[in-house]
Amino acid sequence: MATILDGKKLSEKIKQEIAEEVKKLTDASLQPPGLAVIIVGNNPASKVYVSSKKKACAATGIFSLEVALDENITQDKLIEEIEKLNKNDKINGILLQLPLPKHFDEHSALEAISPEKDVDGFHPINVGKLYIGLDSFVPCTPKGIIEIIKRYNISVSGKNAVVIGRSNIVGKPIAALLLKENATVTIAHSKTQNLPELVKSADIVVSAIGKPNFVKGDWIKEGAVVIDVGINSVDDPSSPKGYKLVGDVDFEEAEKKASYITPVPGGVGPMTIAMLLSNTLKARLRIGS
Ligand code: GUN
């Protein structure tokens with residue numbers, strides 16, 4: 001049976017560490033870190049994410065500012081708001097909640113965020129720095145995965161890692177980070193052939209595709225480390241809400257084969273917010289007193 005990688009517990013510990021660092025600043029009468037979260041429109045899932053980000057800031061002493069914009073504003077107006085935040089001294093980190101409503105150009109909006117305040121690590125400058133191994137803001141979910149791996153003392157060097165999914169938010173950056181840790185990395189995607197065989201060769205599997213129970217237990221090599229990034233809602237008549245959250249991996253089966261596995265919920269998810277706070281603290285400490 002696998003050891004469960006408890007991201008919930010670990011994220012609480014990290015948030016505690018961050019709160020202590022923030023307290024050091026405020027005890028010295030210095031400004032706490034400040035995070036601005038921009039939300040455009042009324043996407044219900046985005047609203048839930050933004051509210052949990054604000055709560056996590058409050059719990060660690062980080063100042064947060066929600067900038068809620070109407071979905072009918074223009075791209076120029078959005079950029080203007082981002083530029084105001086770039087100049088705002090109380091704000092060290094800026095997060096533009098994605099996805100944006102359809103008529104916006106996401107790339108150019110992300111590029112308007114100052115790379116020094118880009119706590120999501122989505123600006124091309126930070127993406128490039130990550131690839132060439134320079135210090136940069138690393139996207140929160142992949143950073144959370146590496147933090148889990150390190151804090152559980154899981155060795156990565158020389159291991160075969162298979163990443164399923166090639167998104168800019170998870171797949172590509174986690175592949176870069178695993179490569180930096182000296183894994184041999186393969187990125188699989190919807191056109192990949194013989195995926196079960198490929199996954200069977202992996203010492204480390206990271207799945208980030210958003211398909212419930214897609215990765216089967218018999219794809220998992222004995223002793224592999226399984227990191228499940230999927231958060232998928234499936235019908236569950238036995239639950240009061242009528243649904244439950246499951247990952248991309250068939251947990252019950254995979255748990256019997258893996259050496260370590262992340263649960264859903266309570267694995268990678270909580271680490272993402274903890275890493276956002278960590279990046280915001282990093283942005284604050286960069287500018288000194
Ligand atoms: N939407 C889904 N995940 C993310 C994320 O990590 N950052 C932002 N800004 N939006 C998201």
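As the structure lists them, so they are numbered: ligands from 1, and atoms in each ligand from 1. Because only heavy atoms are used, hydrogens play no part in the values below, and waters and symmetry mates are left out as well, while side chains stay in.
No donor-acceptor distance shorter than 3.5 angstrom exists from the side chain of Q75 to the backbone of S108, with no hydrogens or angles considered. Side chain of N279 to main chain of F137: no donor-acceptor pair is present (N/O by atom type, distance under 3.5 Å, no hydrogens or angles). S11 contributes no side-chain N or O that, together with a main-chain N or O of M271, makes up a donor-acceptor pair within less than 3.5 Å. Of the possible donor and acceptor atoms, none in the side chain of H189 sits under 3.5 Å from a partner among the backbone N and O of G165.
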Pair up each side-chain donor or acceptor in residues 62-72 with any protein partner under 3.5 Å, not counting sequence neighbours, and list the distances.
| residue | atom | partner | partner atom | Å |
| --- | --- | --- | --- | --- |
| E66 | OE1 | K54 | NZ | 2.5 |
| D70 | OD1 | N72 | N | 2.7 |
| D70 | OD1 | N72 | ND2 | 3.4 |

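Ligand 1 is surrounded by L95, L96, Q97, L98, D120, F122, each with at least one heavy atom closer than 4.0 Å.
With a 4.5 Å cut-off on side-chain heavy atoms, D203 and V225 do not count as touching.
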